[in-house]
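In what follows, a single structure is set out as C-alpha cells and then discussed.
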Amino acid sequence: MLTILGATLAYAPATLAYAPAGGARSRPFAAPARAATLLQFGNPFEGLPNPFKDKRDGATAVSISLAFACDDRGPQSMLGQLDALAANADASTASGISALCAQSALFLLRRSDGWIRCCASAEHRGRDDDALSLYDRMAFTEAAKFEDRDSGATVDAALAAAGIGGGPPAGGPTIAVVSAIGCLAGDRTDAIGRASQGDVRAVKATLEELAAAANAPGEVLAFELLWVPDSQGDALDLDEVAVDWPELMPC
C-alpha cells in the first residue's frame, strides 16, 4: 500500500519502511539468541533490579498506532501531508532516518486532537541485536495487517506528493490508521512505560521520546512509518479497524 524506502528503493503493499543502509540493521532478521543455561535450583536474584545496569545498555523497540477520522484527502489533509512526508524523506543516511523519525513523531503529536483510537508499546532488550530482532517482528506484524489493501495507487500517490503528474482524484471520507515503529538506543521504558491502550498521555510520551531520541546522533537504530488508506479509491470504517487493529482503543 505504501512506499518502502531503505538501502534500495522499491514498492510493496502496506509498508513505508526506513532503516539505515549498512548500519545497525545490517541483519534485518537477527537469529534468536541461544537460551541461557538454567540454574538447577533457580536464580535467587531473578526479578530483582540489577544495580549495575546502565540505562544506555541495549535498545528499546517501540510501536505506536493511531486512528484518525479524515474528511478529505487533498494535499493539505492529513493523508496528503503523509504522502508529502514520504516523498521528501531521505532514507539513504542515518541522519535522514533520524530526521524522518522526528518529523513523523511531531506530525502525529500536533494532530493529537484528531486521535480517535490509540495504543503504544515498548520493550527493552539488553543487546542491540535482540532489540532490532524484536523491532523486525513488530514491523512484520503491522505490515501484515496492510497486505490485503490495494497498492495500485502507491506510485501515483508518491508522484503526486512530489508534484509530478496529476495523481488520482481525491477520495471521500475515511478512517486512517497510522503506525510508527522504532528502535531506540538505551532503555526507554521508564520514560514511556511498556504498554498502553486508549491512554492519550502515555502515547504522547512515547511520541515525545521518539522525537527526543531523533535529535541525538546515533539514538535511532531503525524506524518505520505505515498508514492506510493510501489509495484514493480505498476507505476504512471503524468495524474494519476493530478487526485488524483490536489493540486500538478509543481515546
Side-chain angles (χ1 to χ4, degrees), residues 2-3 5-6 15-20 23-25 55-68 77-125 128 131-132 134-135 138-139 142 161 176-227 247-248 251:
L2 306 172
T3 313
L5 300 174
T15 47
L16 169 58
Y18 297 89
R25 290 195 63 211
K55 290 294 183 183
R56 294 171 295 180
D57 289 344
T60 303
V62 175
S63 177
I64 302 160
S65 292
L66 301 164
F68 298 81
S77 70
M78 192 197 74
L79 290 171
Q81 291 180 53
L82 281 169
D83 284 336
L85 189 65
N88 295 324
D90 175 11
S92 62
T93 65
S95 61
I97 306 303
S98 293
L100 176 70
C101 180
Q103 290 164 9
S104 300
L106 293 173
F107 176 87
L108 295 172
L109 277 168
R110 290 177 185 133
R111 286 153 184 80
S112 59
D113 58 347
W115 301 354
I116 58 174
R117 298 191 179 196
C118 63
C119 66
S121 66
E123 295 186 47
H124 173 256
R125 295 290 185 269
D128 289 0
L132 285 163
L134 175 59
Y135 160 88
M138 286 179 170
E142 287 303 312
V177 175
V178 183
S179 294
I181 304 100
C183 189
L184 310 180
D187 186 353
R188 311 276 174 156
T189 54
D190 286 348
I192 61 181
R194 287 173 171 78
S196 60
Q197 294 178 314
D199 187 337
V200 171
R201 292 181 61 183
V203 175
K204 281 185 176 180
T206 307
L207 287 169
E208 289 167 357
E209 194 70 16
L210 276 176
N215 287 321
E219 294 290 293
V220 178
L221 305 185
F223 180 75
E224 184 162 326
L225 183 68
L226 311 91
W227 73 88
E247 68 277 10
L248 274 171
C251 56

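Keep in mind that what you see is a predicted model, and the values were worked out from it rather than measured. What you see below is based on every heavy atom in this structure, not just the backbone, and it leaves out hydrogens, waters and symmetry mates. Position 1 is the first residue of the sequence; numbering continues from there.
Nearest approach of F68 to G114, heavy atoms of both residues: CD2-O, 3.6 Å. Taking every heavy atom of both residues into account, V220 and A214 meet most closely at CG2-CA, 3.6 Å. Pairing each heavy atom of L109 with each of E208, the nearest pair is CD1-CG, 3.8 Å. Nearest heavy atom pair, residue T189 against residue A122, reads CG2-O, 4.0 Å. In plain terms, the two heavy atoms of L85 and S104 that are nearest each other are CD2-OG, 3.6 Å. The two residues A131 and A61 have their closest heavy-atom pair at O-CB, 3.9 Å.
For the atom pair CE of M138 and CD of E123, the computed distance is 4.5 Å after rounding to the nearest 0.5 Å. Annotation: the span from E219 atom CD to L184 atom CG amounts to 8.0 Å, rounded to 0.5 Å. Atom NZ in K204 sits 4.0 Å away from atom OG in S112 (nearest 0.5 Å). Rounding to the nearest 0.5 Å places SG of C101 at 10.5 Å from CG of L221. Distance check, rounded to the nearest 0.5 Å: CG of L108 to OG1 of T206 gives 12.0 Å. Distance check, rounded to the nearest 0.5 Å: CZ of F223 to CD1 of I97 gives 9.5 Å.
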>> Run R125 and L134 through side chain to side chain contact (heavy atoms under 4.5 Å, CB included) and show every step you take.
In response: CA-CA 9 Å; R125 295 290 185 269; L134 175 59; 3.8 Å; yes
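Using a 4.5 Å heavy-atom threshold, the side chains of W227 and D83 count as touching.
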